[in-house]
Amino acid sequence: MNTVPESQLHGRVALITGAGGGQGRAHALHLANAGADLILTDLGATDAQSHRLVQTTELARKLGARVVAGPADVRVPTAIGDLVDRGVQELGRLDIVVANAGVISTGSTLETSQDDWQRALDVNLTGAWNTCRAALPHLLHGGRGGSIIMVGSIYAIRASGTAVAYTASKHGLLGLAKALAVELAPHSIRVNSVHPTTVLTDMLRDISPQLSQDELAGRYLGFNALPVPWVEPADVSKLVAFLASDEARYITGAALPVDAGNLLLGSRASGS
């Protein structure tokens, strides 16, 4: 259930990257349920990725949202910029940005290729920068303030020696969010970040495709302080919707975990 009233975001427009599935789809549906119209994008490099974005679009429209959707690689400034411009032209405004697009990269320094290192930085950090840079002219022009939410990870706050590139990229994302919060505060644009523990999505399943869900749960049990192996996408989306709303009007520069107590365990958490 959405913790934000259904009418809370009525008349507002939200941009969400990585909206084809997983967390991105959940964010889109929670914001649509709260009344927002949507600009949605995902990489769209394969037929399957394009189909997932179409599915998210259809689900959001069933909730009453107007939706502009299309493929865009957040690593390419003109790609995300063109989509944002088209979305604002069709929907009339932009109020909320959810920089959600991301990739996972596992491995120690010597196990990580140069290409994998660069991809993690390009998507997780530079992609968020490109997204915000494309959105900012519209947020500033509107003169109504706004909310930017960056989707990070517990590895933006702690570190993993077996996911070096991912940890570095998410630490950078946290720094970007804080810097933008200071820069944009005079314009009443709030910038916050959310940092989930393991989330049950296809991205997680793809790390160990040979494992059943029960076997995967067994691998992650003990990872968090609470006796759960992961959180659901909706658990993160409820916080995203809250931060997008006026209920969070005085919250900016915050790094909020949705971590089932993972950060309490520090280096004792398995998978460090």
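Bear in mind the structure is a predicted one, so any value in this text is a computation, not a measurement.
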Output the distance between atom CG (Asp202) and atom CZ (Arg25), rounded to the nearest 0.5 Å. 9.0 Å
Check Arg12 with Asp37, please: is the shortest side-chain N to carboxylate O separation under 4.0 Å? no
Counting only N and O atoms by type, is there a donor-acceptor contact under 3.5 Å from the side chain of Ser208 to the main-chain atoms of Gln210? no
Closest contact, heavy atoms only, Gly22 versus Thr201: CA-CG2, 3.9 Å
Closest approach of Ala168 to Trp117 (non-hydrogen atoms, all atoms of both residues): CB-CH2, 3.8 Å
Could you tell me whether the side chain of Tyr166 reaches within less than 4.5 Å of the side chain of Ser153, counting heavy atoms only? yes
Rounded to the nearest 0.5 Å, how far does CD1 of Ile148 lie from CG of Leu184? 5.5 Å
For Thr106, check side-chain hydrogen bond (donor to acceptor under 3.5 Å, both in side chains) against everything at least two apart and list the hits. none
Treating Ile, Leu, Val, Met, Phe, Trp and Tyr as nodes and any side-chain heavy-atom pair under 4.5 angstrom as an edge, say whether Leu94 and Ile189 lie in one connected cluster. yes
Arg133 CZ: over 12 foreign heavy atoms closer than 6.0 Å: no
Taking the side chain from Thr252 and the backbone from Arg190, do they hold a donor-acceptor pair closer than 3.5 Å? no
Is there side-chain contact between Ile251 and Asn192, with heavy atoms separated by less than 4.5 Å? yes
Under a 3.5 Å distance rule, please check whether Thr56 uses its side chain to pair with a backbone N or O of Gly20 as donor and acceptor. yes
Shortest non-hydrogen separation from Ile16 to Ala28 and the atoms involved: CD1-CA, 3.4 Å
How far apart are the C-alpha atoms of Ile80 and Asp73, what are their side-chain angles, what is the distance that settles it, and do they pass the side chain to side chain contact (heavy atoms under 4.5 Å, CB included) test? CA-CA 7 Å; Ile80 185 65; Asp73 188 338; over 6 Å; no
At their closest point, which heavy atom of Leu264 faces which heavy atom of Ala225, and how far apart are they? CD1-CB, 4.4 Å
For the hydrophobic clusters of this structure (ILVMFWY residues joined by side-chain heavy atoms under 4.5 Å, transitively), does one cluster hold both Leu243 and Leu15? no
Any carboxylate oxygen within less than 4.0 angstrom of a Lys/Arg side-chain nitrogen, looking at Arg219 and Glu215? no
Looking at side-chain heavy atoms only, is the closest gap between Thr198 and Leu204 below 4.5 Å? yes
Answer yes or no: is there a side-chain heavy-atom contact under 4.5 Å between Leu174 and Lys178? yes
Rounding to 0.5 Å, atoms CD1 (Ile96) and CG (Leu38) come to a distance of 9.0 Å
Heavy-atom side-chain proximity of Arg205 to Gln213 below 4.5 angstrom: yes
Value for OG (Ser188) from CG (Leu139), rounded to nearest 0.5 Å, stands at 12.0 Å
Look up atom CE in Met150 and atom NE2 in His195, then write down how far apart they are to the nearest 0.5 Å. 10.0 Å
Does CG belonging to Asp206 count more than 12 external heavy atoms closer than 6.0 Å? yes
Identify, with sequence neighbours excluded, every residue that meets side-chain hydrogen bond (donor to acceptor under 3.5 Å, both in side chains) alongside His141. none
d(Tyr155 OH, Ser169 OG) to nearest 0.5 Å is 12.5 Å
Answer with yes or no whether the hydrophobic clustering places Leu40 together with Val236; edges join I, L, V, M, F, W, Y residues whose side-chain heavy atoms lie under 4.5 Å apart. yes
Report yes if some heavy atom in the side chain of Arg66 is under 4.5 Å from a heavy atom in the side chain of Glu90; otherwise report no. no
Do Leu9 and Ser245 come close enough that some side-chain heavy atom pair is under 4.5 Å? yes
Please answer whether the main-chain N or O of Lys170 pairs with a side-chain N or O of Asn124 as donor and acceptor at a distance below 3.5 Å. no
Quick one: does any side-chain atom of Glu183 pair with a main-chain N or O of Leu180 as donor and acceptor, under 3.5 Å? no
Can you tell me if Gln118 uses its side chain to pair, donor with acceptor, with the backbone of Asp115 under 3.5 Å? no
Sequence-distant partners of His138, side-chain hydrogen bond (donor to acceptor under 3.5 Å, both in side chains), two or more places apart: Asp85
Could you walk me through whether Val240 and His30 pass the side chain to side chain contact (heavy atoms under 4.5 Å, CB included) test, one step at a time? CA-CA 9 Å; Val240 168; His30 273 70; over 6 Å; no
Heavy atoms only: give me the nearest Pro71-Gly44 pair and the separation to one decimal. CB-CA, 4.0 Å
Report yes or no: does His171 contribute a side-chain atom to a donor-acceptor pair with the main-chain N or O of Thr167 at less than 3.5 Å? yes
Beyond-backbone contact of Val258 with Thr197, side-chain heavy atoms, under 4.5 angstrom: no
Any donor-acceptor pair under 3.5 Å from Arg75 side chain to Thr126 backbone: no
Show your working on side chain to side chain contact (heavy atoms under 4.5 Å, CB included) between Asn100 and His27 and close with a plain yes or no. CA-CA 9 Å; Asn100 171 77; His27 304 334; 3.5 Å; yes
Residues Pro233 and Ala26: closest non-hydrogen pair is CB-CB, 3.7 Å
State yes or no: do Ile149 and Leu176 share one hydrophobic cluster built from I, L, V, M, F, W and Y residues joined by side-chain heavy-atom distances below 4.5 Å, directly or via other members? no
Side-chain heavy atoms nearer than 4.5 Å, only ILVMFWY residues, links allowed to pass through others: does that put Val199 and Leu226 together? no
After noting the C-alpha distance and the side-chain angles of Glu58 and Arg61, does the key distance pass the side chain to side chain contact (heavy atoms under 4.5 Å, CB included) rule? CA-CA 5 Å; Glu58 291 174 347; Arg61 284 175 175 158; 5.7 Å; no
Does atom CZ of Arg249 have more than 12 heavy-atom neighbours, drawn from other residues, nucleotides or ligands, at distances under 6.0 Å? no
For the side chain of Thr41 and the backbone of Thr17, is there at least one donor-acceptor N/O pair under 3.5 Å apart? no
So Arg119 and Asp122, salt bridge (Lys or Arg N to Asp or Glu O under 4.0 Å) or not? Walk me through it. CA-CA 5 Å; Arg119 180 170 176 259; Asp122 287 349; over 6 Å; no
Keeping the roles fixed (side chain from Asp259, backbone from Gly261), state whether a donor-acceptor pair exists under 3.5 Å. yes
